[in-house]
Amino acid sequence: MKKYVKGIKDDIMTFLLLLPAVFVCLPIILLVTGSVMGNGELKQYLSPVFSDGMEFISWKIVPNYPTFENYGKLLFLTPQFFVLFWNSIKMVGCILAGQLIVGVPAAWAFAVYKVKGSRLLFVLYVVLMLLPFQVTMLSSYLVLNRLGLLNTQQAVILPAVFSTFPVFLSYGGFRTIPMQLFEAARIDGAGEFTIFRKIGLPLGKSGLLSAMVLGFLEYWNMMEQPMAFLEEKALWPLSLYLPEITWAQAGYAFGASIITLIPAVFVFVWGQDYLEQGIIFSGLKE
């Protein structure tokens, strides 16, 4: 009897956990479905949205007449989509590479070398990490304007390169390495750069990779920075690509959203384990 009751409790708990997951996945399912619907079917379902009627919209999980016309138009007849796609690749790639060059050595220095004032400086880093973009937007705009970088992709790339978030996550990964390893390496005659390259990077790679995964997800979907600093649409990233939505363009917009989502889903699935480790590192206390 107890086993039966326990089984019922487990089933109820599983249902309660799966229910939020269904609501989270439902918009994705609707996007996929809408992207393979024809214009006539979309007009039928979405007409209450684009008219003054008070009716509720209806929707089908499986379209009556599936078509890949929207994807064909997007991939073969819309060159501006690819321009913005490569803009995103370029900006995200440069940002992540810059964060590796700037942020990782800074995190290593905070984690390994204890000098007067380093703890206070690291706390300042954490405080800066908590500031939203809206707070720093005006000061960033004034600095970029003075440097003559407005309306260039460097205006988006350079501030992100010096973000404090990858420093924070990489610091957590380096802090998990026993300090005795560094002392033993120094006794054996290893230099500081050799210790960093052969001990720090291999053993602290979980924190680095979690920072890179989170950075990709953030900057692949960024919208506020390019809208604030870029005027020419040819410089925009893919996250700002959205055609004028009418019922005739709805399937096209659904298809663009799905293609934009694919790289983020791929990186998330690939780096899920590193994300979990990064969350653990961020919660460790010294």
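Computed from a predicted structure; not experimentally measured.
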Original post:
How far apart are the closest heavy atoms of Gln154 and Leu149, and which atoms are they?
Top reply: CB-CD2, 4.3 Å
**OP:** Check the pair Glu224 / Met137 against side-chain contact (heavy atoms from CB on, under 4.5 Å), numbers first and verdict last.
**Re:** CA-CA 9 Å; Glu224 295 174 324; Met137 180 177 66; over 6 Å; no
**OP:** Answer whether the closest heavy-atom distance between the side chains of Leu235 and Thr152 falls below 4.5 Å.
**Re:** no
Subject >> Those residues that, when tested against Phe174, pass ring pair (Phe, Tyr, Trp, His ring centres under 6.0 Å) (two or more places apart) >> reply: Trp108
Subject >> Donor-acceptor contact present, side-chain Asn87 to main-chain Ala234, <3.5 Å >> reply: yes
**OP:** Write down the atom of Asn221, the atom of Leu217, and the distance for their closest heavy-atom approach.
**Re:** ND2-O, 2.8 Å
Original post:
Between the side chain of Asn145 and the main-chain N/O of Tyr141, is any donor-acceptor distance below 3.5 Å?
Top reply: no
Original post:
Taking the six-membered ring for Trp, are Trp220 and Phe216 parallel (under 30°), tilted (30 to 60°) or perpendicular (over 60°)?
Top reply: parallel
**OP:** Give the cluster check for Leu131 versus Val123: same hydrophobic cluster or not, with ILVMFWY residues linked at side-chain heavy-atom distances below 4.5 Å.
**Re:** no
Original post:
According to a 4.5 Å side-chain heavy-atom criterion applied to Ile, Leu, Val, Met, Phe, Trp and Tyr, with indirect links allowed, do Tyr171 and Val127 form part of one hydrophobic cluster?
Top reply: no
Original post:
Taking all non-hydrogen atoms of both residues, which atom of Ala185 and which atom of Ile195 are closest, and how far apart?
Top reply: CB-CG1, 3.8 Å
**OP:** State, with a plain yes or no, whether a side-chain heavy atom of Phe82 is found less than 4.5 Å away from one of Leu75.
**Re:** yes
Original post:
Mind checking whether Pro166 and Leu169 have side chains closer than 4.5 Å, heavy atoms only?
Top reply: no
Original post:
Considering residues at least two apart in sequence or located in another chain, which fulfil the side chain to side chain donor-acceptor pair (under 3.5 Å) criterion with Gln225?
Top reply: none
Original post:
Distance from Ile258 atom CD1 to Ile28 atom CD1, nearest 0.5 Å?
Top reply: 6.5 Å
**OP:** Check whether any side-chain heavy atom of Leu144 lies under 4.5 Å from a side-chain heavy atom of Pro159, and answer yes or no.
**Re:** yes
Original post:
How are the rings of Phe68 and Tyr71 set to each other: parallel, tilted or perpendicular (split at 30° and 60°)?
Top reply: tilted
**OP:** Keeping the roles fixed (side chain from Glu232, backbone from Asn151), state whether a donor-acceptor pair exists under 3.5 Å.
**Re:** no
**OP:** Report the distance from atom OH of Tyr252 to atom CG of Leu77, rounding to the nearest 0.5 Å.
**Re:** 8.5 Å
Original post:
In Å and rounded to the nearest 0.5 Å, what is the CD1 to CZ distance from Ile95 to Phe162?
Top reply: 12.0 Å
Original post:
Got a second to check how far Phe81's CZ is from Ile259's CD1, nearest 0.5 Å?
Top reply: 4.5 Å
Original post:
If you draw a 6.0 Å radius around CD in Glu231, do more than 12 non-hydrogen atoms from other residues or ligands fall strictly inside?
Top reply: no
Original post:
Transitively linked via ILVMFWY side-chain contacts under 4.5 Å: Leu124 with Tyr113?
Top reply: yes
**OP:** Start with the C-alpha gap between Leu201 and Val104, add the side-chain angles, then the distance that decides, and say whether side-chain contact (heavy atoms from CB on, under 4.5 Å) holds.
**Re:** CA-CA 9 Å; Leu201 291 180; Val104 173; 4.1 Å; yes
Subject >> Neighbour count >12 (heavy atoms, 6.0 Å) for atom CD, Glu41 >> reply: yes
**OP:** Verify, without hydrogens or angle tests, whether Ser210 (side chain) and Gly207 (backbone) share a donor-acceptor contact under 3.5 angstrom.
**Re:** yes
Original post:
So do Leu240 and Leu84 actually touch side chain to side chain, heavy atoms under 4.5 Å?
Top reply: no
Original post:
Any chance CZ of Phe268 has more than 12 other-residue heavy atoms, nucleotides or ligands included, within less than 6.0 Å?
Top reply: no
**OP:** Could you tell me which residues satisfy side chain to side chain donor-acceptor pair (under 3.5 Å) with Arg186, sequence neighbours excluded, listed by chain and number?
**Re:** Glu183, Glu192
Original post:
Checking Ser88 side chain against Leu238 main chain: does a donor-acceptor pair fall under 3.5 Å?
Top reply: yes
**OP:** State whether the number of non-hydrogen atoms from other residues, nucleotides or ligands found under 6.0 Å of Tyr65 atom OH is greater than 12.
**Re:** no
Original post:
Should we count CE of Met179 as having more than 12 external heavy atoms under 6.0 Å?
Top reply: yes
Subject >> Rounded distance (nearest 0.5 Å) linking atom CD1 of Ile61 with atom CG of Leu30 >> reply: 5.5 Å
Subject >> Heavy-atom closest contact (Ser163 atom, Val167 atom, distance) >> reply: O-CG2, 4.1 Å
**OP:** Using atom types as modelled and distance alone, determine if a side-chain donor or acceptor of Ser118 lies under 3.5 Å from a backbone N or O of Lys114.
**Re:** no
Original post:
Do Val36 and Phe76 share a hydrophobic cluster, counting only Ile, Leu, Val, Met, Phe, Trp and Tyr and linking them when any side-chain heavy atoms are less than 4.5 Å apart?
Top reply: yes
Original post:
Which heavy atom of Ser239 sits nearest a heavy atom of Met223, and at what distance?
Top reply: O-CE, 3.9 Å
Original post:
Just how far is it from atom CG of Leu209 to atom CG of Leu214, taken to the nearest 0.5 Å?
Top reply: 11.0 Å
Subject >> Exercise: identify the closest heavy-atom pair between Ala155 and Phe229 >> reply: O-CD1, 3.6 Å
Original post:
Are any non-hydrogen side-chain atoms of Lys90 and Trp86 less than 4.5 angstrom apart?
Top reply: no
**OP:** Answer yes or no: is there a side-chain heavy-atom contact under 4.5 Å between Ile177 and Val112?
**Re:** no
**OP:** Find out whether Val156 and Met222 are in side-chain contact, i.e. whether some heavy atom of one side chain is under 4.5 Å from a heavy atom of the other.
**Re:** yes
